[in-house]
Amino acid sequence: MIIRYAGILLSYVEALVESGDWQNLDVLLYLNKIRNRAGMPNVNTAVYNTAEKMRELYRRERKVELAFEGTRLFDIRRWKIGEEVLKGPAMGAIKGALLTERLSYSNYSQ
């Protein structure tokens, strides 16, 4: 298993924010390192100035930075946000066929 360094830094940031230590200087340091490597500007501290805003930021950073790593579902389950982010029809390919209808477990449990 390969774990990217950005994933480790984002996990550390998540641990700090979720433990209530969102003002720890490491939070901004490591978020900015990840953003700067990708050519993004530093975190705007005027906007991200509460624990909830920092949570929103690191979750978005994980979503973008680890987009094709196969970890999104684990994040959604850990954060218990499935109801809000997994609404609407699922689109994709299942067994080579294009899926355009709503997914339900009963459709694919055979």
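For the residue pair N36 and M40, the shortest heavy atom distance occurs at ND2-O, 3.1 Å. Among all heavy-atom pairs drawn from D26 and N24, the shortest one is N-OD1, 2.8 Å.
Hydrophobic clustering of Ile, Leu, Val, Met, Phe, Trp and Tyr side chains at less than 4.5 Å, counting indirect connections, keeps V17 apart from L25. With hydrophobic clusters built from ILVMFWY side chains whose heavy atoms lie under 4.5 angstrom apart, L57 shares a cluster with I81.
In this structure, NZ in K33 is found 13.0 Å from CG in L28, a value given to the nearest 0.5 Å. The line from CG of L9 to CZ of R4 is 10.5 Å long, rounded to the nearest 0.5 Å. Put simply, CG on D75 and CD on E69 are 11.0 Å apart, with the number rounded to the nearest 0.5 Å.
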**OP:** Using the salt bridge (charged side-chain N to carboxylate O under 4.0 Å, His left out) rule, take R59 and E14 through it: C-alpha gap first, then chi angles, then the decisive distance, then the call.
**Re:** CA-CA 8 Å; R59 286 181 177 185; E14 179 179 347; over 6 Å; no
**OP:** Start with the C-alpha gap between L10 and L31, add the side-chain angles, then the distance that decides, and say whether side chain to side chain contact (heavy atoms under 4.5 Å, CB included) holds.
**Re:** CA-CA 7 Å; L10 286 166; L31 283 174; 3.9 Å; yes
Original post:
Which is it for R62 and I34 under the side chain to side chain contact (heavy atoms under 4.5 Å, CB included) test, yes or no, and what are the steps along the way?
Top reply: CA-CA 10 Å; R62 280 190 69 88; I34 293 166; over 6 Å; no
Original post:
side chain to side chain contact (heavy atoms under 4.5 Å, CB included) between Q23 and M54: does it pass, once the steps are laid out?
Top reply: CA-CA 9 Å; Q23 292 179 311; M54 276 298 179; over 6 Å; no
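Remark: the backbone N or O of Y48 is not paired with any side-chain donor or acceptor of N44 at under 3.5 angstrom. Side chain of N32 to main chain of L29: no donor-acceptor pair is present (N/O by atom type, distance under 3.5 Å, no hydrogens or angles).
By the side-chain contact (heavy atoms from CB on, under 4.5 Å) test, I8 pairs with I3, sequence neighbours left out.
Applying the ring pair (Phe, Tyr, Trp, His ring centres under 6.0 Å) rule to pairs touching residues 6-33 yields Y12-Y30, sequence neighbours excluded. Counting only residues at least two apart or on different chains, the salt bridge (Lys or Arg N to Asp or Glu O under 4.0 Å) pairs with a member in residues 35-47 are R35-E61, R37-E65.
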